[in-house]
> 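Dumping the structure here so I can ask a few things about it.
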Amino acid sequence: MTRAVILDTDFLSAFLKIGRLELVRDFYGVETLIVPAAVVAELSRTPLLDDLARIAWIRIEAAEAGSSGELHKLGRGEREAIALARRQESLLLSNDNLARQAAGRLGVEAIDIPAFLLSCKLTGFLDAEGLQKIVRDLREKDHYGFRKEILDRLLA
């Protein structure tokens, strides 16, 4: 069985902005992507909530967002995403460095946008043209910047 995929706010919003959230679902071969209720609350302050609401294969789940230990430094969305990922032995998609580090220490695999896109490239899921378009769209629509060495590896 394919494990569940949990999306944190930053990762989710980036792919909503470029209209490519289905890429995440299709790459991992899951029927639904899970979004923590706290992430939806964070998105409710943006126009992206309407875009999210139109996607039938998004499942919203709540979890107790613990705040003990290092988790107290994270926002509610990150804490809830980690809690859901721990409960379901899921993959967490997050661009927040502190959240990914905390998740890793708690036994949760967490990856960011560059790692996701590199996986898409290495498996042949995306070709060079597709990667270039996504990188360009992320830059233009989400103001997402890649470090030079990452960009070189993605587009080589």
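All heavy atoms count here, side chains included; hydrogens, waters and symmetry mates do not. All residue numbers in this chain count up from 1 along the given sequence.
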> Give, for atom NZ of Lys121 and atom CG of Leu154, the distance between the pair rounded to the nearest 0.5 Å.
6.5 Å
> Indicate the atoms forming the closest heavy-atom contact of Ala85 with Leu92, along with that distance.
CB-CB, 4.3 Å
> Name all pairs fulfilling the ring-ring contact (aromatic ring centres under 6.0 Å, His included) condition that reach into residues 87-123, sequence neighbours left out, sorted by first residue then second.
Phe11-Phe116, Phe15-Phe116, Phe27-Phe116, Tyr28-Phe116
> Sequence neighbours excluded, which residues qualify as salt bridge (Lys or Arg N to Asp or Glu O under 4.0 Å) partners of Asp10?
none
> With sequence neighbours excluded, tell me which residues meet side chain to side chain contact (heavy atoms under 4.5 Å, CB included) with Thr32.
Arg59
> Return the minimal non-hydrogen interatomic distance between Leu16 and Asp51, and the atom names on each side.
CD2-CB, 4.3 Å
> Can a donor-acceptor pair be found, under 3.5 Å and without considering hydrogens, that links the side chain of Glu80 to the backbone of Ala37?
yes
> Please tabulate, for the side chains in residues 128-142, all donor-acceptor contacts under 3.5 angstrom to protein atoms that are two or more places apart in sequence or on a different chain.
from	atom 1	to	atom 2	distance (Å)
Lys133	NZ	Asp137	OD2	2.8
Asp142	OD1	Lys17	NZ	2.8

> What distance separates Glu61 CD from Leu84 CG, expressed to the nearest 0.5 Å?
5.5 Å
> To the nearest 0.5 angstrom, please state how far the CG atom of Asp112 sits from the CG atom of Leu118.
10.0 Å
> Any chance you could lay out the side-chain contact (heavy atoms from CB on, under 4.5 Å) test for Leu93 and Leu33, step after step, and finish with the verdict?
CA-CA 10 Å; Leu93 304 181; Leu33 296 174; 5.8 Å; no
> Please report the interatomic distance CD1(Ile34) to CG(Leu91), rounded to the nearest 0.5 Å.
11.0 Å
> Measuring from atom CG of Asp50 to atom CD1 of Ile55, what distance do you get when rounded to the nearest 0.5 angstrom?
11.5 Å
> Should Asp152 and Lys148 count as an ion pair when the cut-off is N to O under 4.0 Å?
yes
> Under 3.5 Å, which donor-acceptor pairs do the side chains of residues 18-25 form with other protein atoms, sequence neighbours left out?
from	atom 1	to	atom 2	distance (Å)
Arg20	NE	Glu22	OE2	3.1

> Taking all heavy atoms of Ile113 and all of Ala14, pick out the closest pair and write down the distance.
CD1-CB, 3.7 Å
> Run the side-chain contact (heavy atoms from CB on, under 4.5 Å) check on Val35 and Leu43 step by step: do they pass?
CA-CA 11 Å; Val35 177; Leu43 281 182; 5.6 Å; no
> Can you sort out the partners of Glu149 under salt bridge (Lys or Arg N to Asp or Glu O under 4.0 Å), two or more places apart, ordered by chain and number?
Arg147
> For the CZ atom of Arg79 and the CG atom of Asp8, what is their distance to the nearest 0.5 Å?
11.5 Å
